[in-house]
K.L.:
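Below you will find the structure I want to go over with you.
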Amino acid sequence: MKYSKRALEINESVTLEITAKAKEMKDKGADIITFGVGEPDFNTPENIIEAAIKAMKDGKTKYTNTSGIIELRKAICDKLLKDNSLSYNPNQIVVSTGAKQSLANILFTLLNDGDEVIISSPYWVTYPELIKLAGGVPIVCECNLFNDYKFTKSNLENCISKKTKAIIVNSPNNPTGSIYNVEELKIIAEIAKENDIFIISDEIYEKLIYEEKHESIASISKDSYDRTIIINGLSKSYSMTGWRIGYTASSEKIANLINNIQSHTTSNVNTISQYAGVEALTGNQESIYTMKNAFNERRDYMIDRLSKIKDISYIYPKGAFYVMVNIEKYIDNVKVKDSIEFAKELLEKEKVAVIPGEAFGLPKYIRLSYATSLERIEEGLNRINNYLNSMKL
Ligand code: PLP
């Protein structure tokens with residue numbers, strides 16, 4: 001009995017072991033500070049919850065069409081026009097079970113075996129695995145601190161080959177919090193045009209920006225609009241991670257292909273969530289700003305504290321809710337040999353859970369999420385400080 005090559009090639013998440021261990025310790029009563037989570041700690045806003053209850057009571061509990069109810073796809077088109085000055089019609093939108101499924105759909109739509117997809121490092125942990133699952137080859141473009149870990153003309157051109165099919169642009173970025181400006185996006189759009197490749201633009205953290213402004217690469221030119229598939233969703237901006245609503249905006253041709261794939265895998269997104277999604281996009285938007293302000297306050301606090309800790313540095317985050325912290329000077333091959341071991345020890349000794357940079361292709365870093373309360377951040381940083389001090393002894 002042999003399993004598929006594809007399944008066997010998918011790496012187990014580096015984060016899994018630490019997250020599982022943290023949970024086990026918590027279940028046994030330990031006071032664990034979790035800096036690992038990738039979701040807002042706020043509950044979904046009340047008006048959205050009410051809309052879901054109403055949908056159930058109104059009998060909106062059956063299948064819908066695969067790409068989503070028309071009200072939701074229209075609301076997404078209105079959002080894209082209002083926020084991004086992009087004109088789409090509902091036939092260009094496919095609503096999926098989270099942005100993660102949107103990405104999977106796109107990759108299955110675009111890739112043939114051996115096609116290459118370029119991603120920048122550090123990257124969201126799912127990109128390389130999903131590319132492989134779809135038969136593609138992830139090409140990791142080495143980026144560096146001097147360009148905020150973003151694509152530049154030279155590092156991107158170095159990664160292009162005859163097999164390049166697409167490039168994934170993630171702005172704001174998980175895990176660095178970097179944001180692309182218009183000039184940088186123009187360079188990527190130009191390279192994509194010259195080489196005739198698709199652009200997959202993951203904009204899931206769009207609403208969580210504390211400096212600068214979000215620009216979608218699809219708005220750079222008519223050409224970039226045509227070759228870009230936007231991924232976005234409600235998980236992060238409306239604190240709706242569990243509702244599973246993501247979407248793509250693309251050409252009608254691509255939307256139809258995505259629709260076909262989804263029709264044979266999961267069909268429509270949970271109907272109740274879709275009605276809640278309409279309320280999220282069309283109802284009162286106040287909660288987005290309240291959450292964003294809270295994240296901004298936590299970010300400022302976290303980076304202020306981190307900048308006072310000796311012998312560490314961090315990638316300055318402008319968006320999302322993560323900080324990548326460089327712990328290189330504490331990796332000495334004696335006490336800890338890499339950031340995985342560092343994270344395990346930190347959990348064991350100080351009961352703080354962090355994600356090792358290996359998960360994102362950036363060893364010697366750990367990722368801290370500030371999607372947790374200020375009090376917990378303060379306590380967690382005190383503990384990290386204790387741990388670092390103990391390592392110097
Ligand atoms: N894209 C990025 C960069 C993410 O960090 C995440 C979730 O962590 C997603 C997409 C997936 O979001 P969703 O919960 O909508 O599937």
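Whatever order the structure lists them in is the order used to number ligands and atoms, beginning at 1.
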K.L.:
I'd like to check which ligand 1 atoms, numbered from 1 as shown, lie under 4.0 Å from a non-hydrogen atom of G98.
P.N.:
15 (O), 16 (O)
K.L.:
Would you mind listing which atoms of ligand 1 come within a distance below 4.0 Å of any non-hydrogen atom of Y205?
P.N.:
3 (C), 4 (C), 5 (O), 8 (O)
K.L.:
Determine, stepwise, if the pair I191 / K153 fulfils side-chain contact (heavy atoms from CB on, under 4.5 Å).
P.N.:
CA-CA 8 Å; I191 295 175; K153 189 168 163 38; 4.2 Å; yes
K.L.:
With sequence neighbours left out, what residues match D226 under side chain to side chain contact (heavy atoms under 4.5 Å, CB included)?
P.N.:
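Testing D226 for side chain to side chain contact (heavy atoms under 4.5 Å, CB included), a comparison that skips the adjacent residues, returns K222.
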K.L.:
For this output row, return yes or no: ring centroids of Y314 and Y322 closer than 6.0 angstrom.
P.N.:
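Between Y322 and Y314, which both carry aromatic rings, the centre distance is not below 6.0 Å.
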K.L.:
Provide, to 0.1 Å, the distance between atom 7 (C) of ligand 1 and the closest protein heavy atom, together with that atom's residue and name.
P.N.:
K236 NZ, 3.0 Å
K.L.:
Please classify the Q101 to ligand 1 contact at 4.0 Å (heavy-atom distances, strictly less than): side chain, backbone, both or neither.
P.N.:
neither
K.L.:
With nothing but distance in play, are any N or O atoms of K100 less than 3.5 Å from an N or O of ligand 1?
P.N.:
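There is such a contact, yes.
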K.L.:
Check ligand 1 against R244 and write out every atom of the ligand that is under 4.0 Å from a heavy-atom position of the residue.
P.N.:
13 (P), 14 (O), 15 (O), 16 (O)
K.L.:
Taking side chain to side chain contact (heavy atoms under 4.5 Å, CB included) as the criterion, tell me which of V352, L306, I33 meets it with L381.
P.N.:
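The option that passes is L306.
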K.L.:
Under 4.0 Å from ligand 1, counting heavy atoms only, is it the side chain of Y127, its backbone, both or neither?
P.N.:
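Only the side chain of Y127 comes within reach of ligand 1.
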K.L.:
Counting only heavy atoms, which portion of L234 has something under 4.0 Å from ligand 1: side chain, backbone, both, or neither?
P.N.:
neither
K.L.:
Answer with side chain, backbone, both or neither: which part of S235 has a heavy atom less than 4.0 angstrom from an atom of ligand 1?
P.N.:
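Only the side chain of S235 comes within reach of ligand 1.
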K.L.:
If the plane angle is over 60° it's perpendicular, under 30° parallel, otherwise tilted; pick one for Y370 and F295.
P.N.:
perpendicular
K.L.:
Return yes when I204 approaches ligand 1 closer than 4.0 angstrom through a heavy atom, no otherwise.
P.N.:
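For ligand 1, residue contact (heavy atoms, under 4.0 Å) with I204 is present.
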K.L.:
Among all protein non-hydrogen atoms, which one is nearest to atom 11 (C) of ligand 1, and what is the separation to 0.1 Å?
P.N.:
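In this structure, atom 11 (C) of ligand 1 has W124 CH2, 3.6 Å as its nearest protein heavy atom.
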K.L.:
Is ligand 1 less than 4.0 angstrom away from at least one heavy atom of E39?
P.N.:
no
K.L.:
Would you indicate whether K132, at its atom NZ, is surrounded by more than 12 heavy atoms from other residues, nucleotides or ligands within a distance under 6.0 Å?
P.N.:
yes
K.L.:
Would you say the side-chain atoms of Q262 and S96 include a donor-acceptor pair closer than 3.5 Å?
P.N.:
yes
K.L.:
Checking side-chain polar atoms at under 3.5 Å, does R299 have a donor or acceptor matched by the opposite partner on N296?
P.N.:
yes
K.L.:
Is the NZ or CZ atom of K54 positioned over Y275's six-membered ring, under 6.0 angstrom from the centre and within 45° of the axis?
P.N.:
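So K54 doesn't make the cation-pi contact.
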K.L.:
Can a donor-acceptor pair be found between the side chains of R305 and Y301 at a distance below 3.5 Å?
P.N.:
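Distance-only check passes for R305 and Y301.
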K.L.:
Below 3.5 angstrom, do we get any N/O pair linking I245 and ligand 1?
P.N.:
no
K.L.:
Show me which atoms of ligand 1 lie under 4.0 Å from any heavy atom of D202.
P.N.:
1 (N), 2 (C), 3 (C), 10 (C)
K.L.:
Nearest to atom 12 (O) of ligand 1, what protein heavy atom do you find, and at what distance?
P.N.:
A99 CB, 3.7 Å
